[in-house]
Structure formats: structure tokens, C-alpha cells
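Working notes for the structure below.
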Amino acid sequence: MRIRRLVKSTGFRFALLHTLVFILSVSVIAWVAEVTVTSALERQARDRVETEAGSLMAEYQRHGLTGLRSTIEERSSAAKRRLQYAIVDAQGQVIAGDRYLAEFATLSTTAAQMVPRYNGENATDNILVASRSLERGLRLVIADNLESVEDVEDVVLNGFLVALALALVLGLGAGALFTRSLLRRVDSVTRTAEAIIGGDLSQRIALTGSGDDFDRLAATLNTMLDKIHDLLENLRQVSNDIAHDLRTPLRAYGNSSRTRETVRQLRSTTREQ
């Protein structure tokens with residue numbers, strides 16, 4: 001019953017509404033932050049791929065296909081690398097580098113572009129690819145699988161999910177505490193009002209001394225109750241005075257009535273005699 005009353009209270013609903021508005025605001029901020037960060041990282045990745053493509057084409061022009069192939073094999077064997085490389089022939093066979101890049105060799109654009117990577121018939125994550133034409137139908141393919149971008153997205157998303165969860169828990173907890181305090185103050189006013197309705201006009205609403213809105217309202221109600229009590233006391237005193245003032249004339253009137261009745265009885269007795 002206490003939980004049901006707590007949930008149905010206006011204070012808890014207000015706190016819940018405030019929490020939901022806060023969560024919605026944080027969600028919008030999270031979405032804007034994720035879009036901004038992702039766009040910036042993708043732009044950096046695009047610049048990195050195009051810069052790397054230009055560097056390899058310069059290597060190709062200086063040392064030919066043999067030098068380019070040697071450079072690609074060296075970079076592909078590195079333990080930590082952000083980019084993937086491949087040299088694909090006209091038949092779609094990879095002669096150097098990562099084999100999965102063969103499906104992107106047919107891209108005609110030289111600018112890096114975002115394309116889906118396919119696993120069978122199903123598209124998986126997007127990949128950033130740039131392709132360059134070499135001699136005898138060969139093509140150079142440079143790609144960034146955007147794992148670093150996805151890692152940052154996961155960090156940002158997880159961080160905001162944790163923040164939302166904390167905001168929800170703290171908001172509901174603060175709402176419950178606020179509502180519980182509010183209900184205690186309301187119960188104090190209710191008990192005082194019920195006692196006054198029952199006839200105990202001496203009851204007053206207790207003040208906490210905090211000077212908040214409830215204390216000011218309680219002080220105003222107590223002043224009103226004092227005025228009502230004084231008016232009732234004045235009315236009771238006036239009623240007693242009126243009753244006292246009317247008591248003597250009524251007694252005199254009663255005595256004169258008995259005298260007249262006695263005289264009437266004596267006259268009746270005399271006539272009979």
C-alpha cells in the first residue's frame with residue numbers, strides 16, 4: 001500500500017516526468033555527440049586512406065610493381081596496422097595483400113568511399129575503400145575497416161548508457177525520497193484537520209523550522225485556526241451573556257403568570273360560595 005501510494009503521488013509523478021525529460025535530453029545529446037565524433041573519425045579515416053593511396057602510387061611510380069608489392073607485403077605483415085592493402089589482377093585474383101579486398105577492386109572512383117562488406121549474400125559492417133589503376137589491368141586497393149571508429153562508437157554508447165541508467169536510478173530514488181518527505185508533511189496536515197473536524201480545536205499543524213513553503217503554509221493555517229478559535233470563543237461568550245440576560249425577565253414573567261393564576265382561582269372560589 002505504501003508503494004502504491006508513493007507511485008500514485010503527485011510528487012513521484014513529477015519526479016518521474018523530470019527524470020524522463022532528463023533522460024530524453026541526455027539521449028539527444030548522446031546522439032549528437034555520437035554523430036559528431038563518428039563523422040570526425042570517418043573524415044580522418046578517409047583522409048588517411050587517400051593519403052596512403054597517394055603515397056603508394058608515388059612508390060609505384062618510383063620503383064614499379066615490384067617495389068609496390070614489396071611495400072604492401074611489408075605493411076601487411078605489420079603486427080599493428082589500421083589499413084589493409086591488396087594488388088588485384090584483371091581476373092580478380094589477389095597477387096599481394098589481403099584477399100578479401102578483391103571484391104572492391106572494381107570500384108571505379110579514386111576517392112575513398114564507404115561501401116558495405118559482404119559475407120555471402122549478407123552485408124556486414126561498412127568499410128572505407130580507395131582503388132587505383134595500375135599497369136596491365138592491375139588495381140591497387142587500400143581499405144580501412146573502421147574498427148577504431150566502431151570502438152569509439154561503442155565507448156561513447158556504453159558511456160551514455162551507463163549515464164542514462166544512473167540518471168534513471170538516481171532520479172527515481174530522489175523522487176521516492178522527495179515524495180516520502182512530501183507525504184509526511186501532507187499526513188501531518190491531514191491528521192490535524194481530522195482532529196479539528198472531530199472537535200479538538202486546540203490542534204495545530206507542526207512546523208519543522210525549515211522556513212520552506214510548507215512551513216509558511218502551516219503557519220498561515222495555524223493563524224487561521226487561531227482566528228477561528230477566537231471567534232468561536234467570542235460567540236460562546238456572547239451566547240452565555242445573552243442567556244444570562246434573558247434568565248431574569250423570564251423568571252419574572254413566570255412568577256407573574258403564577259400570581260394571575262392564583263387570583264383567578266380565588267375569584268372562582270368566591271363566586272361558588
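Only heavy atoms go into these numbers, but all of them, side chains included; no hydrogens, no water, no symmetry mates.
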Task: Working for salt bridge (charged side-chain N to carboxylate O under 4.0 Å, His left out), residues E194 and R191 - done: CA-CA 5 Å; E194 290 175 348; R191 287 192 299 269; over 6 Å; no
Open item on the list: side chain to side chain contact (heavy atoms under 4.5 Å, CB included), that's the test. Do E42 and L128 meet it? Break it down for me.
Closed with: CA-CA 9 Å; E42 288 179 356; L128 190 63; over 6 Å; no
TODO: Show the numbers, then the answer: is there a side chain to side chain contact (heavy atoms under 4.5 Å, CB included) between L68 and L134?
DONE: CA-CA 10 Å; L68 176 62; L134 304 175; 3.7 Å; yes
Open item on the list: I'd like to know whether V129 forms a side chain to side chain contact (heavy atoms under 4.5 Å, CB included) with I142, so could you lay out the CA-CA distance, the side-chain angles of the two residues, the decisive distance to 0.1 Å, and finally the verdict.
Closed with: CA-CA 6 Å; V129 179; I142 305 98; over 6 Å; no
Task: Worked verdict on E233 versus Q237 for side chain to side chain contact (heavy atoms under 4.5 Å, CB included) - done: CA-CA 6 Å; E233 287 295 326; Q237 183 63 38; over 6 Å; no
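With hydrogens and angles disregarded, a donor-acceptor distance shorter than 3.5 Å links the side chain of T36 to the backbone of V32. Panel note: side chain S39, backbone V35; a donor-acceptor pair is recorded below 3.5 Å. The main-chain N or O of A112 is found under 3.5 Å from a side-chain atom of R46 such that the two form a donor-acceptor pair.
Side-chain atoms of M57 and L140, non-hydrogen and from C-beta on, do get closer than 4.5 Å to each other. Counting heavy atoms from C-beta on, the side chains of I127 and D144 never come closer than 4.5 Å. Using a 4.5 Å heavy-atom cutoff, the side chains of L101 and V88 are not in contact. With contacts defined as side-chain heavy-atom distances shorter than 4.5 Å, the pair D98/V94 does not qualify.
Taking CD from Q113 and CZ from F104, the interatomic distance works out to 10.0 Å, rounded to the nearest 0.5 Å. A distance of 5.5 Å separates CD1 in I95 from CZ in R69, rounded to the nearest 0.5 Å. I228 CD1 to L221 CG: the interatomic distance, rounded to the nearest 0.5 Å, is 9.5 Å. Of the inter-residue distances, the one linking T51 atom OG1 with Q44 atom CD reads 11.5 Å to the nearest 0.5 angstrom. Atom-to-atom distance recorded for R136:CZ and D89:CG is 10.5 Å, nearest 0.5 angstrom. From I72, atom CD1 reaches atom CZ of R75 across 8.5 Å, with rounding to the nearest 0.5 Å.
Each of T223, D226, N222 was scored for a side chain to side chain donor-acceptor pair (under 3.5 Å) with R204, with one residue passing: D226.
L232 and M224 fall within a single hydrophobic cluster, where Ile, Leu, Val, Met, Phe, Trp and Tyr are joined by side-chain heavy atoms under 4.5 Å apart, directly or via other members. Cluster annotation: V156 and L24 are assigned to distinct hydrophobic clusters (Ile/Leu/Val/Met/Phe/Trp/Tyr, side-chain heavy-atom contacts under 4.5 Å, transitive).
Across all non-hydrogen atoms, the minimal contact from R139 to S133 is NH1-CB, 3.6 Å. For the pair L225 and I196, the tightest heavy-atom approach, listed with the atom from each and the gap, is CD1-CD1, 3.3 Å. Scanning both residues, A130 and V49, for their nearest heavy atoms gives CB-CG1, 3.6 Å. Residues L207 and A219 approach most closely at CD2-N, 3.8 Å, considering heavy atoms.
Here I197 is tied to no hydrophobic group at all, with no ILVMFWY side chain closer than 4.5 Å. Under the 4.5 angstrom side-chain criterion for Ile, Leu, Val, Met, Phe, Trp and Tyr, L170 has no cluster partners at all.
The 12-atom threshold is exceeded at CD of E135, counting heavy atoms of other residues, nucleotides or ligands nearer than 6.0 Å. With a 6.0 Å radius and a threshold of 12 heavy atoms from other residues, nucleotides or ligands, R99 has its CZ atom at or below the threshold. Crowding of Y100 atom OH: a count of heavy atoms from other residues, nucleotides or ligands under 6.0 Å exceeding 12.
Y85 and E52 share a side-chain donor-acceptor pair at under 3.5 Å.
By the salt bridge (Lys or Arg N to Asp or Glu O under 4.0 Å) test, R43 pairs with no residue at all, sequence neighbours left out.
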